[in-house]
Amino acid sequence: QVQLVESGGGLVQAGGSLRLSCAASGRTFSNYIMGWFRQAPGKEREFVATISWSGGSTYYADSVKGRFTISRDNAKNTLYLQMNSLKPENTAVYYCAAHFTIVTTPTYLYWGQGTQVTVSS
């Protein structure tokens with residue numbers, strides 16, 4: 001299995017930017033599809049973005065297209081999420097996850113512990 005640890009969350013003003021990282025250990029990182037999900041208080045966990053094994057294909061939730069960018073560095077076993085033009089409604093715990101197929105549902109096999117992102121208005 002693979003172990004995932006997110007970092008980079010914090011408090012930012014609306015319109016600001018954050019870059020989340022997800023460090024992977026265990027099995028070969030490049031074997032996995034990687035994704036970012038988020039969960040706000042009282043809401044279900046929702047899909048944010050996913051990226052293919054090589055990084056050549058990416059998919060985004062409509063709500064983040066054009067503002068968020070998912071990327072990966074297989075040499076560093078690290079997944080990233082660059083978040084720009086943040087809005088208060090982006091406040092949530094952000095999770096990285098690993099799977100063997102590209103899906104946008106929270107059915108990924110492995111999950112990190114999450115990192116809190118808070119956007120103030």
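Just the heavy atoms: all of them, side chains too, but no hydrogens, waters or symmetry mates, feed the values below.
Interatomic distance, L81 CG to Y95 OH, rounded to the nearest 0.5 Å: 15.0 Å. Going from atom CG of N84 over to atom CZ of F68 covers 8.5 Å, rounded to the nearest 0.5 Å. Distance check, rounded to the nearest 0.5 Å: CZ of R19 to OG1 of T69 gives 10.5 Å.
Side-chain N or O atoms of E6 include one that pairs as donor or acceptor with a backbone N or O of C96 at under 3.5 Å. A donor-acceptor pair is defined here as one N or O able to donate and one able to accept, closer than 3.5 Å; no such pair exists between the side chain of R45 and the backbone of A40. Formation of a donor-acceptor pair under 3.5 Å by the N74 side chain with backbone atoms of W53 is found in this model. S54 contributes a side-chain N or O that, together with a main-chain N or O of G56, makes up a donor-acceptor pair within less than 3.5 Å. Remark: side-chain polar atoms of S21 are not paired, donor with acceptor, to backbone N or O of S7 under 3.5 angstrom.
Around CD of Q113, the count of heavy atoms belonging to other residues, nucleotides or ligands within 6.0 Å exceeds 12.
Residues passing the ring-ring contact (aromatic ring centres under 6.0 Å, His included) test with F37 are F47, Y108, W111, sequence neighbours excluded. In this view, K65 and Y60, D62 satisfy the side chain to side chain contact (heavy atoms under 4.5 Å, CB included) rule, not counting sequence neighbours. The salt bridge (charged side-chain N to carboxylate O under 4.0 Å, His left out) test applied to R38 returns E46, not counting sequence neighbours. S85 is linked by a side chain to side chain contact (heavy atoms under 4.5 Å, CB included) to R67, counting only residues two or more places apart in sequence or in another chain. Not counting sequence neighbours, the partners of I102 by the side chain to side chain contact (heavy atoms under 4.5 Å, CB included) test are I33, T50, S52, Y59.
Note: the hydrophobic cluster containing W36 does not contain V103 (ILVMFWY, side chain heavy atoms under 4.5 Å, direct or indirect links). Both I51 and Y94 are assigned to one and the same hydrophobic cluster, defined by single-linkage of ILVMFWY side chains at heavy-atom distances under 4.5 Å. Both V117 and V64 are assigned to one and the same hydrophobic cluster, defined by single-linkage of ILVMFWY side chains at heavy-atom distances under 4.5 Å. Linking Ile, Leu, Val, Met, Phe, Trp and Tyr whenever their side-chain heavy atoms come within less than 4.5 Å leaves Y110 and V5 in two separate clusters.
In terms of heavy atoms, S120 sits closest to L11 at CB-CD1, 4.3 Å. The minimum heavy-atom distance between C22 and M34, with the atom names listed, is SG-CE, 4.5 Å. Residues G9 and T115 approach most closely at N-OG1, 3.2 Å, considering heavy atoms.
Remark: of the listed residues T58, L20, V48, T58 is the sole one forming a side-chain contact (heavy atoms from CB on, under 4.5 Å) with I70.
Side-chain contacts under 4.5 Å among hydrophobic residues (ILVMFWY), followed directly or transitively, place Y80 with no other residue at all.
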Side chain to side chain donor-acceptor pair (under 3.5 Å) between T105 and T107, intermediate numbers included: CA-CA 5 Å; T105 54; T107 54; 3.0 Å; yes
Carefully, step by step, assess V12 and T118 under the rule side-chain contact (heavy atoms from CB on, under 4.5 Å). CA-CA 6 Å; V12 63; T118 303; over 6 Å; no
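Of the N and O atoms on the side chains of D73 and T78, not one donor lies less than 3.5 Å from an acceptor on the other residue.
Counting heavy atoms from C-beta outward, S25 and N77 have side chains that stay 4.5 Å or more apart. The side-chain heavy atoms of Q82 and S71, taken from C-beta on, include no pair separated by under 4.5 Å.
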